Amino acid sequence: MRAVSANFLALLFLSAFASVFYVWSALESRLERHKRGFSVPGGGSFYPSLPVDLSTKTFRALLAVPGAQRPGGKLEAHNLSESSVGSRDYHVNGGKKGSPRREGPVKSGSPLKDGIYWSDWLEDLLPVGFTEDYARAWRERARAHRIVELVPGCGRISNQLATFADGTKACVRYGINADQVQGETLAYYLACLLGITNLPPLILSQLNTYGEQWASVRTRVEGLQWSDRAVVSLTEWVSNLTGVVTPAPLRQESSGLHPVLEELRNKTTAELLELMQWSDLIIFDYLTANFDRLVSNLFSLQWDSRVMERDTNNLLKTPRGDLVFIDNEAGLVHGFRVLNMWEKYHNTVLSSVCVFRRRTTQRVAELHRRRDSRRRLLELYRDSEPLSAELGFLSDEHASVLQDRIDRLHKHILHCKGKYSQL
């Protein structure tokens, strides 16, 4: 009898142990699925695509990572898009009210005017990203506010995401060399000169951990081993942005973006508005010789045939589809220095586009006619930025390169006009 009782107790113990092991295995399996975002049989997925550890993600990668779902169904970007006092969504400037109808094929008339220009009705639908008045007001606030926090973010390791005392944020670019900060800054002011408003406003600041602006983050600055008195750039940080894939007309299998009505009429209004901004982007990147966007994708095609199907470097967009050009440090100074390596790719990208915004081409024509791009860029830079003398300006050689690229761009626009003006 004792033997039977002992065997029975042993059987109960084994059964209990097996049950605990089964439950634990199931929980472990569900936990692993939760971490990886796998679907659980009979149910949905747990936080799909949520990475286990976001601490090593860069600014660009973070913005593209799908976030946890809010109760209202809106995706929340982790780390960088958390709610904070003074944070804001992308600011749509200008007096245009309401959201235009952007879905469905074009029905409002021709998307083109005078052969190679985007039509007036499309121009009226495209909101201004960062107006001159808005940018000026932001620069004044940014220069006056204390920085209370610096955390990793905004691309390369040497950059930081700064929080001002009022809760707003900016990306701090501490260049490995002066070329990067200078290129970012001068590219911003060249965009202003061209009337391209897709770049967030920017200021320069000189590191001084005993000065009012940087004193609160002295320990962090010292830990980063940033040089005292170094000039850094601060660019407004914009929340709720996502990545941008190169549109079909600008991919390698396409013939390019040309004023062919049969092709453009099949696009939705939203697609046309994005293509308008791409035409500005290609002009901007050609003039600055920025190789770290579409040109680098073109270069990478030789070993990565699907690179155009992924997000484009240093290009993001708002929930309503307005493009934001970020991280322009490769332009102008460094871009001009390595121009021989990349020029054939710059020419290929430029030759793929023959549709433009009229306002942008007018600015280019004026800079070509007056041949004073160096003087006008320098004046705008000096008038807008108190630390311009500390950071410096383009060398005479690079200023000549810029004027030469303006002249070549103007010649290309005239070529397109002559080819398509009868359409």
Side-chain angles (χ1 to χ4, degrees), residues 116 179-180 182-184 186-191 193-194 196 198-199 244-258 275-305 307-308 310-315 323 325-357 360-361 363-365 367-368 371 373-374 377 394-395 397-417 419:
I116 65 168
D179 284 6
Q180 293 170 332
Q182 196 177 73
E184 177 85 14
L186 295 178
Y188 171 75
Y189 283 106
L190 179 62
L193 204 59
L194 293 168
I196 295 175
N198 299 78
L199 284 70
V244 183
V245 176
T246 305
L250 297 174
R251 297 186 191 178
Q252 70 275 20
E253 68 271 12
S254 174
S255 60
L257 179 57
H258 299 288
L275 286 173
M276 285 176 64
Q277 296 171 85
W278 273 91
S279 65
D280 263 359
L281 176 64
I282 288 173
I283 281 179
F284 178 61
D285 281 354
Y286 177 80
L287 290 181
T288 61
N290 187 343
F291 55 85
D292 195 18
R293 205 147 22 217
L294 189 57
V295 163
S296 64
N297 282 357
L298 187 62
F299 175 75
S300 298
L301 281 173
Q302 55 192 310
W303 58 74
D304 183 1
S305 62
V307 66
M308 294 287 192
R310 292 188 286 276
D311 290 347
T312 305
N313 287 345
N314 303 323
L315 185 64
L323 301 187
F325 309 167
I326 64 167
D327 293 356
N328 301 289
E329 63 181 21
L332 290 174
V333 186
H334 186 59
F336 289 174
R337 187 164 288 141
V338 297
L339 191 55
N340 289 339
M341 295 172 55
W342 298 98
E343 183 69 319
K344 67 177 181 179
Y345 300 102
H346 289 301
N347 290 333
T348 298
V349 172
L350 180 63
S351 65
S352 70
V353 175
C354 260
V355 187
F356 310 99
R357 299 184 70 183
T360 308
T361 62
R363 300 286 182 100
V364 171
L367 290 171
H368 163 74
R371 303 193 59 78
S373 60
R374 182 189 187 281
L377 180 59
L394 295 175
S395 66
E397 178 186 359
H398 285 170
S400 296
V401 173
L402 174 59
Q403 185 63 54
D404 180 65
R405 297 184 81 72
I406 289 170
D407 297 341
R408 292 186 185 191
L409 173 59
H410 179 67
K411 182 178 180 180
H412 172 68
I413 294 170
L414 291 181
H415 167 76
C416 292
K417 193 170 184 178
K419 184 176 181 179

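Because the structure is a prediction, the values reported are computed rather than measured. Only this structure's heavy atoms are used, side chains among them; waters, hydrogens and symmetry mates stay out.
- With a 4.5 Å cut-off on side-chain heavy atoms, M276 and R357 count as touching.
- Side-chain contact between H410 and I406 is absent, with no heavy-atom pair separated by less than 4.5 Å.
- Of all heavy-atom pairs between S373 and Q403, the closest is OG-OE1, 2.7 Å.
- Residues V245 and D311 form a side-chain contact, since some pair of their non-hydrogen atoms from C-beta on lies under 4.5 Å apart.
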Please assess V295 against N290 for the test side chain to side chain contact (heavy atoms under 4.5 Å, CB included), listing each intermediate value before the final yes or no.
CA-CA 8 Å; V295 163; N290 187 343; over 6 Å; no
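- Contact detail for H346 and L339: the closest heavy-atom pair is CD2-CD1, 4.1 Å.
- Put simply, the residue from T312, V353, L257, V355 that forms a side chain to side chain contact (heavy atoms under 4.5 Å, CB included) with W278 is T312.
- Rounding to the nearest 0.5 Å gives a distance of 13.5 Å between NE2 of H334 and CD of E184.
- L301 is listed as a side-chain neighbour of L298, based on a closest heavy-atom distance under 4.5 Å.
- Atom CH2 of W342 sits about 6.5 Å away from atom OG of S296, to the nearest 0.5 Å.
- The distance from atom CZ of F299 to atom CE of M341, rounded to the nearest 0.5 Å, is 7.0 Å.
- Among all heavy-atom pairs drawn from R251 and M308, the shortest one is NE-O, 3.8 Å.
- Rounding to the nearest 0.5 angstrom, the gap separating the CG atom in L350 from the CD1 atom in I282 is 8.0 Å.
- The aromatic rings of F356 and H412 stand perpendicular to each other, their planes meeting at an angle above 60°, with 30° marking the opposite boundary.
- The side-chain hydrogen bond (donor to acceptor under 3.5 Å, both in side chains) with R293 is formed by just one residue from the set D327, T288, D285, N314; it is D285.
- Expressed to the nearest 0.5 Å, how far CG of L199 lies from OH of Y189 amounts to 11.5 Å.
- Residues Y286 and N347 are in side-chain contact: their nearest non-hydrogen atoms beyond the backbone lie under 4.5 Å apart.
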Please step through side chain to side chain contact (heavy atoms under 4.5 Å, CB included) for the pair D280 and L323, ending with a clear verdict.
CA-CA 10 Å; D280 263 359; L323 301 187; over 6 Å; no
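- Contact of the D407 side chain with the R371 side chain is registered, since non-hydrogen atoms from C-beta on lie closer than 4.5 Å.
- Formation of a donor-acceptor pair under 3.5 Å by the Q180 side chain with backbone atoms of E329 is not found in this model.
- Checked by atom type and distance alone, the side chain of Q252 pairs as donor or acceptor with a backbone atom of S305 at under 3.5 Å.
- Of all non-hydrogen atoms in H258 and S351, the two that sit nearest each other are CE1-O, 4.0 Å.
- When the side-chain contact (heavy atoms from CB on, under 4.5 Å) test is applied to R374, the partners found at least two apart in sequence or on another chain are L378, F393, D396, A399.
- In this structure, A248 and S254 approach most closely via the heavy-atom pair O-CB, 3.2 Å.
- The closest side-chain heavy-atom distance from E397 to F336 is not below 4.5 Å.
- Enclosure of atom NE2 in H398 by more than 12 non-hydrogen atoms of other residues, nucleotides or ligands within 6.0 angstrom is indicated.
- Side-chain atoms of R363 come within 3.5 Å of backbone N or O of L193 as a donor-acceptor pair.
- Among all heavy-atom pairs drawn from I116 and C416, the shortest one is CG2-O, 3.5 Å.
- Considering CD1 of I196 and CG of L190, their distance stands at 7.5 Å, rounded to 0.5 Å.
- L194 places a side-chain heavy atom less than 4.5 Å from the side chain of L367.
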I'd like to know whether D404 forms a salt bridge (charged side-chain N to carboxylate O under 4.0 Å, His left out) with R408, so could you lay out the CA-CA distance, the side-chain angles of the two residues, the decisive distance to 0.1 Å, and finally the verdict.
CA-CA 6 Å; D404 180 65; R408 292 186 185 191; 3.0 Å; yes
